[in-house]
Participant: 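Below are the structure tokens for one structure; questions will follow.
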Amino acid sequence: MAASTQLPHLQKFTAWFPQFLRQELAPYPGRGAVVARMVIAATLTMIIIVIFRIPGGAVGALCAFILSRENLTSTAKSALSISLAFGIGGLFIPIGARMFASTPFTHFLWEAASLFLIFFLLRTLQNFALATGLGLVGTNILAIWYLPGPAERNVELTLWQVLGALVGAVVTFAVEAVFHFFSKSDELRDGLSDRLSNIETMLRSYAANEPLPAATSRVLTQYAVVGVGSLRRYVTRSNYDALERTQMSTLVSLTGRSVDFAAAVVSSVPEFDAALRERAAQLARRVAEIRETLTTKRVPQAWEPTFDPTATTPLFNELESMIALMFAVLRSSSSIDPRMEILEGPQVSNRIFIEDAFTNPEHLRFTLSGTLAAMLCYILYVGMDWPGLATSVTTCVLTALSNIGASRQKQVLRVAGAIIGGFIFGLGSQVFILPYIDSITGFAVLFAVVSAVAAYVSTSSSRLSYAGLQIALAFYLINLSGFRIQLSLAVGRDRAVGVLLGVSMMWLVFERFYPRPAVDQMVRVFLRSLRLMAALISESSIGADAETIVLIRKQRDQVYRCFGEVNAQADAVPFETGPERAGHMAARDRIRRWQSWLRSFYIMEIPLLQFRLLGDPSRMSEAFRHIEAQFIEDCSRSFRRIADILENQLDNKDFRPPTHDSLLKQLTVEMSQEQTPLSPQEEGLLRITRLLSSLVDKLEEEATSGPIFSSE
């Protein structure tokens with residue numbers, strides 16, 4: 001089954017990358033509006049900085065790229081967080097620097113300690129905007145205080161840095177406020193609806209036996225390449241409550257997989273037979289119902305498709321199953337007790353640090369690696385007395401903001417962004433354009449054009465968007481660190497070389513000293529999510545105590561974060577090269593498909609979870625208790641078995657297909673043997689249990705049917 005549903009990803013990197021760029025940079029609905037808002041905010045910030053002669057304005061303009069835009073509330077919180085971060089840094093760093101600036105040795109230790117704290121906060125702070133602001137203010141002000149000097153001048157420049165960031169945050173928020181006043185669109189729901197609309201159009205064309213519109217085919221292919229990374233960011237930074245955030249995240253994942261299967265059908269199946277045409281027409285109506293549900297937020301009617309295992313188009317079966325899971329996810333919220341909020345823990349969002357900030361050794365490794373890269377840059381530019389390279393430390397911090405994967409992807413995006421923004425746009429404009437500009441109007445046009453290029457790239461999927469931020473960073477550090485048009489090639493050269501130095505040091509430390517292939521990380525995080533799910537199910541016995549409920553809430557939070565990390569690593573796999581690339585891409589396709597099922601299990605299990613943990617055990621029938629206990633045992637065993645099989649393959653052990661009994665079959669036998677009548681609520685919950693059992697069976701069947709890295 002795995003081989004029959006695998007999507008074709010056998011191109012070599014050299015053949016794949018040009019096509020990837022074309023499809024990533026193709027326009028899509030809403031992209032132009034986001035780019036326009038980013039350019040307007042950055043350009044207005046630049047004009048204010050130049051008019052009022054604010055030094056160090058590059059950070060202010062970067063706010064247009066860093067602040068979230070999911071909704072007006074999240075933008076306001078993001079702007080406030082950045083402003084608060086710069087205020088804290090503007091007070092903390094100068095005080096500490098003057099305390100330790102008397103001798104070079106203590107100053108060196110102070111720099112190292114400050115950078116260690118910055119990288120630790122980048123990794124562990126719950127608030128992304130606050131972490132970003134602290135990183136930017138820390139590195140920029142540390143560059144001012146890198147050697148003892150006139151305290152009055154250093155304090156003045158520090159305050160200017162804070163003011164520049166405040167201007168950028170306020171201007172960006174004002175632009176977003178004006179936009180939201182005139183446009184009430186919801187980017188997340190609109191993005192889901194547009195993808196589903198193209199799937200619906202495809203299905204109706206097949207059902208009518210008509211040629212598929214070229215525009216629909218092109219858009220589906222583009223969406224399959226771009227993915228749903230931008231929609232995931234909307235979910236992550238939105239102000240949804242915890243339960244709705246989980247539900248929308250699952251819908252995003254299922255929609256992304258549906259687009260993948262729809263694009264594969266378009267590219268490989270010219271027409272449907274009569275039976276498939278009828279099923280396509282019915283599925284098109286179901287997709288339309290899901291789109292209506294997203295708009296009206298009403299609960300859809302129940303629907304379960306009738307699968308045909310003998311169909312000549314197994315990809316259509318997969319598409320049908322994804323749509324069916326969407327119905328199940330959308331309906332799941334209607335049966336959730338309000339007390340379920342205890343498990344989902346919305347108060348977690350009020351935490352300052354993430355859950356495992358002080359227990360996960362990966363955070364310490366990241367912090368030490370980032371500190372080492374930044375300190376190597378600091379030692380080089382101080383040792384050579386070359387202060388123009390101070391941009392290298394800021395580059396290290398902004399590079400560390402990305403959690404987009406590993407190895408080749410980061411290397412390509414960092415170097416390409418630094419070269420395009422620093423050398424081509426930055427130094428190129430100083431040589432060919434800036435000598436002929438004598439007004440702020442001309443500079444504003446140049447600034448807006450370069451910002452538009454950077455913003456357009458940054459609105460790509462997560463696989464390419466980081467390059468846009470790198471382009472803007474390099475160009476702004478060269479041409480906006482002062483409040484006048486910079487014509488000195490020496491200054492531009494130093495700042496461009498500083499950006500390249502920071503990129504090189506981050507690559508050296510993170511990728512050469514401690515290489516970790518993206519595919520290996522992707523599979524291992526997926527294994528962790530499987531084992532966490534197994535532990536969560538085992539702990540969720542009927543009548544659990546308060547400590548167990550708290551433990552389950554933590555486990556669910558960890559599983560949710562594992563989903564995001566798997567997606568990040570999966571986006572990095574296509575950038576890997578070498579003879580094993582085809583196998584790695586095949587593993588990526590499988591993991592993405594399996595995770596969509598695991599996400600569905602995660603959200604659809606909530607009613608069962610709350611009934612077991614929060615229900616009254618005395619009111620549960622013995623039959624239900626027995627069936628649920630057996631399901632818990634069998635399901636957790638299946639997840640552990642799948643994880644063990646995949647881990648053995650990662651450790652280069654021979655693959656041996658195991659024998660296993662169908663979870664759904666065992667559940668059916670258990671239900672048939674029970675003679676005690678069940679309550680209507682228990683019968684409804686057992687229907688969910690059957691659906692969950694079929695998901696686990698499907699996952700185990702694929703995961704154990706062949707090697708995960710097989711490209712056949």
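All residue numbers in this chain count up from 1 along the given sequence. What you see below is based on every heavy atom in this structure, not just the backbone, and it leaves out hydrogens, waters and symmetry mates.
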Participant: Side chain to side chain contact (heavy atoms under 4.5 Å, CB included), that's the test. Do L380 and L389 meet it? Break it down for me.
Facilitator: CA-CA 9 Å; L380 281 176; L389 299 184; 5.8 Å; no
Participant: Does L434 form a side chain to side chain contact (heavy atoms under 4.5 Å, CB included) with F443? I'd like the steps, not just the answer.
Facilitator: CA-CA 8 Å; L434 291 179; F443 182 69; 3.8 Å; yes
Participant: With a 4.5 Å limit on heavy-atom distance, are the side chains of H584 and M522 in contact?
Facilitator: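 They are not in side-chain contact.
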Participant: Report yes if some heavy atom in the side chain of Q430 is under 4.5 Å from a heavy atom in the side chain of N479; otherwise report no.
Facilitator: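 In contact.
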Participant: Report the C-alpha distance between V457 and L469 in whole Å, list the side-chain angles of each, state the deciding distance to 0.1 Å, and finish with yes or no for side chain to side chain contact (heavy atoms under 4.5 Å, CB included).
Facilitator: CA-CA 8 Å; V457 175; L469 177 63; over 6 Å; no
Participant: Got a sec, which pairs hit side-chain hydrogen bond (donor to acceptor under 3.5 Å, both in side chains) with one end in residues 416-427, sequence neighbours left out?
Facilitator: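 Listed once each, the pairs would be none.
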Participant: With a 4.5 Å cut-off on side-chain heavy atoms, are M585 and V519 touching?
Facilitator: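 Not touching, per the 4.5 Å side-chain cut-off.
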Participant: Strictly distance-based, threshold 3.5 Å: is any side-chain N or O of R588 a donor or acceptor partner for the main-chain N or O of V573?
Facilitator: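 No: the side chain of R588 does not pair with the backbone of V573.
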Participant: State which residues pass side-chain hydrogen bond (donor to acceptor under 3.5 Å, both in side chains) with D190; sequence neighbours excluded, sorted by chain then number.
Facilitator: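 Listed in chain order: nothing, the list is empty.
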Participant: Distance check, rounded to the nearest 0.5 Å: L121 atom CG versus F353 atom CZ?
Facilitator: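 One gets 5.5 Å once the value is rounded to the nearest 0.5 Å.
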Participant: Which residues pass the side chain to side chain contact (heavy atoms under 4.5 Å, CB included) test with S458, sequence neighbours left out?
Facilitator: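 Only M38, F65, A455 meet the side chain to side chain contact (heavy atoms under 4.5 Å, CB included) criterion with S458.
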Participant: Nearest heavy-atom pair of A41 and V171: which atoms, and what distance?
Facilitator: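 Nearest heavy atoms, A41 then V171: O-CG1, 3.6 Å.
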Participant: So, taking the atom named CZ in F475 and the one named CZ in F425, what distance separates them when rounded to the nearest 0.5 Å?
Facilitator: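 Taking CZ in F475 and CZ in F425, the distance rounds to 8.5 Å.
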Participant: Which atom names give the shortest non-hydrogen contact between I471 and A454, and what distance separates them?
Facilitator: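 Shortest heavy-atom contact: CG2-CB, 4.0 Å.
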Participant: Give me the atom names and distance for the closest heavy-atom approach of M375 to A112.
Facilitator: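 Here M375 and A112 meet closest at SD-CA, 3.6 Å.
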Participant: Restricting to non-hydrogen atoms, name the atom on V35 and the atom on A452 that form the minimum distance, rounded to 0.1 Å.
Facilitator: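 In terms of heavy atoms, the two residues are closest at CG1-O, 4.0 Å.
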Participant: Measure the spacing between OG of S369 and CZ of F119 and express it to the nearest 0.5 Å.
Facilitator: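 Between S369 OG and F119 CZ, I get 9.5 Å after rounding to 0.5 Å.
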Participant: Side chain of S429, backbone of G426: donor and acceptor closer than 3.5 Å?
Facilitator: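 Flag set: sc S429 to bb G426 pair under 3.5 Å.
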Participant: Taking side chain to side chain contact (heavy atoms under 4.5 Å, CB included) as the test, write out the residues that go with L166, two or more places apart.
Facilitator: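 So L166 forms a side chain to side chain contact (heavy atoms under 4.5 Å, CB included) with S83, V162.
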Participant: Just to verify, what does Y456 make a ring pair (Phe, Tyr, Trp, His ring centres under 6.0 Å) with, not counting sequence neighbours?
Facilitator: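 Checked Y456 against ring pair (Phe, Tyr, Trp, His ring centres under 6.0 Å); zero matches.
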Participant: Run the ring pair (Phe, Tyr, Trp, His ring centres under 6.0 Å) test against F447 and tell me which residues pass, sequence neighbours left out.
Facilitator: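 Residues passing ring pair (Phe, Tyr, Trp, His ring centres under 6.0 Å) with F447: Y476.
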Participant: Of the non-hydrogen atoms in C63 and A165, which two are nearest, and what is the gap between them?
Facilitator: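 Scanning both residues completely, I find the closest heavy atoms to be SG-O, 3.9 Å.
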Participant: Can you tell me if Y223 and D194 form a side-chain donor-acceptor pair at under 3.5 Å?
Facilitator: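 Side chains of Y223 and D194: pair found under 3.5 Å.
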Participant: Where do Q569 and R524 land on the side chain to side chain contact (heavy atoms under 4.5 Å, CB included) test, with the steps shown first?
Facilitator: CA-CA 10 Å; Q569 299 296 337; R524 291 194 184 279; over 6 Å; no
Participant: For I379, give me all partners under side chain to side chain contact (heavy atoms under 4.5 Å, CB included), at least two apart in sequence or on another chain.
Facilitator: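 Side chain to side chain contact (heavy atoms under 4.5 Å, CB included) check on I379 returns F108.
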Participant: Test of understanding: with side-chain hydrogen bond (donor to acceptor under 3.5 Å, both in side chains), list the residues that count as partners of R561, not counting sequence neighbours.
Facilitator: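 In terms of side-chain hydrogen bond (donor to acceptor under 3.5 Å, both in side chains), with neighbours along the sequence ignored, R561 is linked to D557.
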Participant: So, R53 side chain and I49 main chain: donor-acceptor pair closer than 3.5 Å or not?
Facilitator: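 No, the answer is negative, given that no donor and acceptor are paired below the 3.5 Å cut-off.
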Participant: Just to verify, what does F116 make a ring pair (Phe, Tyr, Trp, His ring centres under 6.0 Å) with, not counting sequence neighbours?
Facilitator: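 Ring pair (Phe, Tyr, Trp, His ring centres under 6.0 Å) check on F116 returns nothing, list empty.
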Participant: Starting at OH of Y381, measure out to CG of L376 and round the result to the nearest 0.5 Å.
Facilitator: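 Between atom OH of Y381 and atom CG of L376 there are 12.5 Å.
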Participant: Just jot down the side chain to side chain contact (heavy atoms under 4.5 Å, CB included) partners of S193, sequence neighbours excluded, or say none.
Facilitator: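 Expected list: R291.
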Participant: Taking only residues two or more places apart in sequence or in another chain, which ones pass side-chain hydrogen bond (donor to acceptor under 3.5 Å, both in side chains) with S460?
Facilitator: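 Testing S460 for side-chain hydrogen bond (donor to acceptor under 3.5 Å, both in side chains), a comparison that skips the adjacent residues, returns R31.
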Participant: Does any non-hydrogen side-chain atom of Q161 lie less than 4.5 Å from one of I54?
Facilitator: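 The answer is no; the side chains never approach within 4.5 Å.
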Participant: Is L188 close to V252 at the side-chain level, that is, under 4.5 Å between some pair of heavy atoms?
Facilitator: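 Side chain of V252 against side chain of L188, heavy atoms only: contact under 4.5 Å found.
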Participant: So, using side-chain hydrogen bond (donor to acceptor under 3.5 Å, both in side chains) as the criterion, who are the partners of R599 when residues are at least two apart?
Facilitator: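 Partners of R599 by the side-chain hydrogen bond (donor to acceptor under 3.5 Å, both in side chains) criterion, ordered by chain and then number, come out as S249.
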Participant: Just wondering, do T391 and I478 contact through their side chains at under 4.5 Å, heavy atoms?
Facilitator: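 With C-beta onward as the side chain, the pair stays apart.
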Participant: Regarding N567 and Q595, do their side chains bring together a donor and an acceptor under 3.5 Å, going by distance alone?
Facilitator: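 Looking only at side-chain atoms, Q595 and N567 do form a donor-acceptor pair, the distance falling under 3.5 Å.
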Participant: Are any of the side-chain heavy atoms of T395 and Q470 separated by less than 4.5 Å?
Facilitator: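 T395 reaches Q470 side chain to side chain.
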Participant: Please report the closest heavy-atom contact between C377 and M505, naming both atoms and the distance.
Facilitator: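 Where C377 meets M505 most closely, the heavy atoms are SG-CG, 3.5 Å.
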Participant: Side chains of L163 and F52: closer than 4.5 Å at any heavy-atom pair?
Facilitator: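 Not in contact.
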Participant: How long is the span from the NE2 atom in H363 to the CG atom in L122, to the nearest 0.5 Å?
Facilitator: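 H363 NE2 to L122 CG: 12.5 Å, rounded to 0.5 Å.
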Participant: Between atom CG of L62 and atom CG of L477, what is the distance when rounded to the nearest 0.5 Å?
Facilitator: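 Result: 7.0 Å between the selected atoms.
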